[in-house]
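Predicted model, so just to flag it, every value in this text is computed and none were measured.
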Amino acid sequence: MDSQEKTLQEGTQEEVKAEATVTPTPEEAPAVETPAEEEAPVAEVETPVEEAPAEEATPVEEAPVAEVEAPAEEEVPERKQYATKQEVLERITEIAHSDEAPQKDEVDYLKTVFYKLHIAERDAQFKAFTEAGGDPAAYQIMPDKDEEAFKAEMGIIKEKRAQLFKEQEAEKESNLKKKLEIIEKIKGMVTSPEEANKSYQTFKTLQQEWKEIKNIPAERANELWRNYQLYVEQFYDLLKLNSEAREYDFKKNLELKTKLCEAAERLAEETDVISAFHQLQKLHQEYRETGPVSKDLREEVWTRFKAASTVINKRHQQHFEQLRAKEEDNLARKTELCEKVEAIAAAESKGSGDWEKRTKEIIDIQAEWKTIGFAPQKMNVKIFERFRAACDDFFAKKAEYFKSLKDTFKENAEKKRALIEKAKALQDSTDWKSTSDKLIALQKEWKTIGMVPKKLGDQLWEEFLGACNKFFEARNAAGAGQRSEEHQNLAKKRDIIDQLKAAAEEAGEGLQEKVQKLVEEYQAVGHVPYKEKDKLYEEYHAVLDKLYKDLNISVAKRRLNNFKQNLRQVAERGGDALDNERARLMRQYETIKQEVQTYENNLGFLNASSKKGSSLIDEMNRKVQKLKDEMNLVREKIKTIDAQNKEKE
């Protein structure tokens with residue numbers, strides 16, 4: 001072995017020892033970890049922690065069946081649009097019975113679209129039911145044959161994916177075994193430069209076989225690749241420095257890795273971040289499977305490839321950071337909606353109007369909920385369950401309220417039917433006054449009864465009103481002649497009042513007799529229209545009171561003058577005539593005074609609230625006033641006698 005070969009061998013052994021104890025070299029380290037799929041992971045190489053943080057992995061987003069929300073647009077680019085559930089069912093059936101492996105992304109997308117259409121259809125059915133007058137609390141969701149068929153096909157797909165996953169795992173174990181065998185073969189070739197030169201073609205064949213073997217268990221990927229790369233490097237280092245084959249391989253590998261670097265750099269211009277990330281994974285796989293380049297270029301080539309990878313990784317990470325920020329914002333918005341529904345459910349609703357108003361608020365909130373995207377995966381189902389529980393709580397309380405309301409409605413309807421029967425029993429009566437009072441009482445009682453459903457309530461009211469109207473129409477027809485007579489009486493009484501007003505302006509003898517005659521005529525006139533009765537009564541008594549007052553004053557003056565003239569004749573006769581007259585007047589005064597007291601006491605027992613009572617009181621007041629006027633006249637007569645006696649003295 002010459003000095004160059006010895007130096008190469010020693011250097012290689014030192015590198016092997018160092019590589020066994022430190023972090024993989026830049027040549028070895030892959031850039032990122034390929035996101036593992038939920039059921040059938042296929043990642044071959046596991047990434048060191050410092051090169052690919054775990055959070056860079058693509059999160060798995062699945063819409064829970066209960067909520068059915070569309071995945072973010074980036075996750076399902078250019079998907080076929082389905083207008084009906086039948087179209088989705090046809091495609092899912094085709095996938096379930098196809099020989100090809102089901103694609104998880106497409107299956108998840110179909111599941112999301114199906115349930116979105118399913119819930120929209122169910123909401124439309126509920127809306128049609130309520131708009132047709134149906135009771136929301138009585139609405140029942142009917143079984144859906146399409147949904148049952150969809151679930152059955154999804155079950156078949158799940159079984160196929162489980163079987164595929166099992167086969168893939170078996171294939172990975174087989175591939176692992178094959179690659180371990182290749183490593184052992186290459187390891188056996190690494191003995192001396194002479195042996196390495198002789199085994200070169202075999203070595204190239206093993207390299208090609210290695211490339212053709214694909215997936216292995218992810219947990220063994222890094223360890224396996226490091227061992228493979230170690231013995232490949234050792235093999236190349238054992239080749240002679242002037243080996244044309246070795247130089248040719250280095251050149252070809254440099255060309256391949258340069259193209260991979262260029263491809264990675266072009267990915268920076270890719271608008272689809274997710275697609276760029278997945279393309280980068282393929283480039284890393286190819287980079288690993290490409291042999292080494294000369295030592296003086298290894299660091300340079302790896303640095304270039306790593307720099308291009310870092311740009312894609314950062315874009316990918318920023319994309320999911322933005323997505324997570326959006327999900328957190330969605331969680332905050334959904335939490336706020338949950339709190340609103342919980343507050344509405346906890347509030348007291350005092351009647352059907354309140355329940356309907358709050359139902360509309362809940363439906364509006366549910367519509368807003370559907371416009372909000374996913375919350376973070378660990379909270380997505382929990383926040384939906386909270387929202388659904390709050391909605392269920394509200395509608396359960398509403399159902400209980402309307403259930404109790406039905407019993408109340410039934411009781412109220414029975415009460416109203418009983419009043420209808422009473423009204424019908426009175427509708428043909430001709431006892432106008434008594435029956436009118438009874439029907440009015442029934443109408444007042446009707447108003448005290450609570451609500452019934454609108455349609456039934458309108459029907460009952462029409463029936464009740466029909467019975468009442470039948471009676472009142474008959475009564476009005478019978479009273480048409482009577483009303484004509486009452487209007488004639490009204491005209492007569494107004495004429496008498498006008499005559500009394502004119503008499504009040506007159507004076508002289510015969511006024512009292514004239515007034516008395518008019519009063520008798522007024523009292524002889526019959527009833528007037530009910531609406532005019534009170535006004536006419538007040539006008540009549542106002543003019544009458546003024547007349548009586550004026551008459552009493554003038555009559556009293558005339559009687560006092562007559563008394564004074566007669567008193568002179570009595571005085572001329574002498575004797576005790578004046579004293580006897582005075583004694584008679586005193587007795588008369590006391591008698592009138594007692595009579596006034598009696599009337600005033602009786603007035604205290606009369607009720608002035610009724611029209612009849614008010615009329616009697618007015619009459620008695622006029623009598624009292626007349627008696628008081630008489631008392632004043634007697635008192636003036638006594639004063640006249642006393643003045644006459646004083647003149648004698």
Side-chain angles (χ1 to χ4, degrees), residues 38-39 60-73 75-98 102-132 134-161 330 334 337-338 341 359-360 362-375 377 379-396 399:
E38 183 181 12
E39 294 183 8
V60 178
E61 293 187 5
E62 289 200 50
V65 173
E67 187 167 359
V68 186
E69 294 178 287
E73 291 182 1
E75 302 298 331
V76 285
E78 299 182 1
R79 291 287 189 191
K80 178 181 177 180
Q81 300 301 310
Y82 294 92
T84 64
K85 293 191 298 180
Q86 286 69 26
E87 292 179 7
V88 181
L89 183 57
E90 288 174 5
R91 177 56 185 156
I92 208 72
T93 303
E94 181 182 349
I95 294 173
H97 298 281
S98 172
Q103 297 299 314
K104 182 178 183 297
D105 288 347
E106 183 180 8
V107 171
D108 289 345
Y109 173 70
L110 291 170
K111 181 169 65 176
T112 297
V113 173
F114 181 86
Y115 277 101
K116 192 171 186 178
L117 293 169
H118 175 67
I119 289 179
E121 181 181 278
R122 194 169 64 190
D123 290 346
Q125 291 171 351
F126 176 77
K127 183 178 180 181
F129 176 80
T130 55
E131 288 180 351
D135 182 1
Y139 181 73
Q140 294 182 348
I141 298 176
M142 303 303 293
D144 187 346
K145 294 182 179 180
D146 290 338
E147 184 184 18
E148 295 300 323
F150 184 82
K151 288 180 178 180
E153 299 300 335
M154 286 295 293
I156 295 174
I157 291 174
K158 185 175 181 180
E159 292 177 0
K160 288 181 67 175
R161 291 175 66 181
N330 291 343
K334 288 187 172 183
L337 294 185
C338 288
V341 176
T359 298
K360 185 179 183 305
I362 295 289
I363 292 174
D364 290 344
I365 291 173
Q366 288 176 334
E368 183 179 354
W369 177 280
K370 293 178 181 180
T371 66
I372 303 173
F374 285 119
Q377 185 178 5
M379 290 298 297
N380 202 45
V381 174
K382 291 182 180 179
I383 194 67
F384 176 74
E385 289 177 348
R386 177 181 175 183
F387 182 72
R388 182 172 59 186
C391 292
D392 290 347
D393 181 35
F394 171 82
F395 285 109

Trace of the side chain to side chain contact (heavy atoms under 4.5 Å, CB included) decision for Asp144 with Arg122: CA-CA 10 Å; Asp144 187 346; Arg122 194 169 64 190; over 6 Å; no
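- Rounding to the nearest 0.5 Å places CD1 of Ile156 at 13.5 Å from NZ of Lys158.
- With a 4.5 Å cut-off on side-chain heavy atoms, Glu153 and Leu110 do not count as touching.
- When all heavy atoms of Phe150 and Ile92 are compared, the closest pair comes out as CD1-CG2, 3.9 Å.
- Using bins of under 30°, 30° to 60° and over 60° for the plane-to-plane angle, the ring pair Phe387/Trp369 lands in the parallel bin.
- At a threshold of 4.0 Å, the pair Lys360-Asp364 counts as salt-bridged, since one of the basic side-chain nitrogens sits closer than that to a carboxylate oxygen.
- Contact check for Glu121 versus Thr84: no side-chain heavy atoms found under the 4.5 Å cut-off.
- Looking only at side-chain heavy atoms (C-beta outward), Lys334 and Arg386 stay at 4.5 Å or farther from each other.
- Lys111 is listed as a side-chain neighbour of Tyr115, based on a closest heavy-atom distance under 4.5 Å.
- Heavy-atom minimum distance, Cys338 versus Ala390: O-CB, 4.5 Å.
- Between Asp123 and Gln366, the closest side-chain pair of non-hydrogen atoms is not below 4.5 Å.
- Considering CZ of Phe126 and CD1 of Ile363, their distance stands at 5.5 Å, rounded to 0.5 Å.
- Taking both residues in full, the closest heavy atoms of Glu87 and Tyr82 are given as OE1-CA, 3.6 Å, listed atom of the first, atom of the second, then distance.
- Rounding to the nearest 0.5 Å places CG of Asn380 at 9.0 Å from CG of Asn330.
- Taking all atoms of both residues into account, the shortest heavy-atom contact from Ile383 to Ala375 is CG2-CB, 4.3 Å.
- At a threshold of 4.0 Å, the pair Glu147-Lys151 counts as salt-bridged, since one of the basic side-chain nitrogens sits closer than that to a carboxylate oxygen.
- A distance of 5.5 Å separates OG of Ser98 from NZ of Lys160, quoted to the nearest 0.5 Å.
- Interatomic distance, CD1 of Ile95 versus CD1 of Ile157, reported as 5.5 Å (0.5 Å rounding).
- By the 30° and 60° cut-offs, the orientation of the rings of Phe114 relative to His118 is parallel.
- Interatomic distance, OG1 of Thr93 versus NE2 of His97, reported as 5.5 Å (0.5 Å rounding).
- Salt-bridge formation is not detected for the pair Lys145/Glu148: no Lys NZ or Arg NE/NH1/NH2 atom is positioned less than 4.0 Å from an Asp or Glu carboxylate oxygen.
- Within a 6.0 Å radius of CD in Gln125, more than 12 heavy atoms belonging to other residues, nucleotides or ligands are found.
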Determine whether Arg91 and Glu94 satisfy the following criterion, salt bridge (charged side-chain N to carboxylate O under 4.0 Å, His left out), listing intermediate values before the conclusion. CA-CA 5 Å; Arg91 177 56 185 156; Glu94 181 182 349; 3.2 Å; yes
